[in-house]
Amino acid sequence: MADPSDYEKAMPRVQEHVARFEKALTEIRATHAGRPAPEVKEALLAAGERYCVRIANEVAQDAAERIADGTL
């Protein structure tokens with residue numbers, strides 16, 4: 001079982017990762033809303049690289065579809 005203090009120690013890195021992901025998502029939502037999902041996904045993955053955050057394929061696909069249809 002993991003020591004609870006391990007989670008506390010990891011939280012700054014987790015929060016930084018989330019912040020970088022949010023920056024990428026916000027950027028692409030602002031520039032690609034309503035565009036085709038494949039184009040949005042490609043742009044989101046590229047933004048992830050720029051912000052040094054790995055975005056899982058499934059997450060990128062879901063976000064791209066929602067940005068494309070205006071629900072995110």
Side-chain angles (χ1 to χ4, degrees):
M1 179 176 276
D3 182 342
S5 67
D6 291 341
Y7 294 108
E8 291 174 23
K9 292 175 189 173
M11 283 310 297
R13 289 190 311 268
V14 170
Q15 291 170 332
E16 178 59 32
H17 181 84
V18 169
R20 290 191 312 262
F21 174 75
E22 287 178 335
K23 287 178 184 179
L25 190 61
T26 298
E27 175 187 314
I28 299 309
R29 189 173 47 220
T31 59
H32 287 72
R35 293 189 184 179
E39 181 181 334
V40 177
K41 181 179 176 182
E42 183 179 324
L44 182 57
L45 291 172
E49 288 183 18
R50 285 194 305 279
Y51 288 102
C52 300
V53 62
R54 183 187 169 279
I55 302 173
N57 188 56
E58 296 83 3
V59 172
Q61 183 64 42
D62 180 62
E65 290 171 4
R66 295 178 65 200
I67 291 169
D69 70 16
T71 60
L72 181 68

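Since the model is a prediction, treat every value here as computed from it, not as a measurement. Reckoned from all heavy atoms, side chains included, excluding hydrogens, waters and symmetry mates.
Contacts of Glu65 classified as salt bridge (charged side-chain N to carboxylate O under 4.0 Å, His left out), with partners at least two apart in sequence or in another chain: none. For Arg29, there are no salt bridge (charged side-chain N to carboxylate O under 4.0 Å, His left out) partners, not counting sequence neighbours. Under the rule for a side chain to side chain donor-acceptor pair (under 3.5 Å), Glu49 has no partner lying at least two apart in sequence or in another chain. Looking at residues two or more places apart in sequence or on another chain, you find a side-chain contact (heavy atoms from CB on, under 4.5 Å) between Asp62 and Arg66. Qualifying side chain to side chain donor-acceptor pair (under 3.5 Å) partners for Asn57, counting only residues two or more places apart in sequence or in other chains: Lys41. By the side-chain contact (heavy atoms from CB on, under 4.5 Å) test, Pro38 is found to be paired with Pro36, residues two or more places apart in sequence or in another chain being considered. Contacts of Glu42 classified as side-chain contact (heavy atoms from CB on, under 4.5 Å), with partners at least two apart in sequence or in another chain: none. For Ile55, the side-chain contact (heavy atoms from CB on, under 4.5 Å) partners at least two apart in sequence or on another chain are Phe21, Leu44, Leu45, Val53, Val59, Ala60.
Minimum heavy-atom separation, Arg13 to Lys9: NH1-O, 4.1 Å. Annotation for Ala68 and Ala37: closest pair CB-N, 3.7 Å, computed over non-hydrogen atoms. Here the closest heavy-atom approach between residue Ala43 and residue Ile28 is recorded as O-CD1, 3.6 Å.
Applying the salt bridge (Lys or Arg N to Asp or Glu O under 4.0 Å) test to every pair with at least one member in residues 52-61, sequence neighbours left out, gives no pairs at all.
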Exercise for the section: Check the pair Lys23 / Glu27 against side-chain contact (heavy atoms from CB on, under 4.5 Å), numbers first and verdict last. Expected result: CA-CA 6 Å; Lys23 287 178 184 179; Glu27 175 187 314; over 6 Å; no
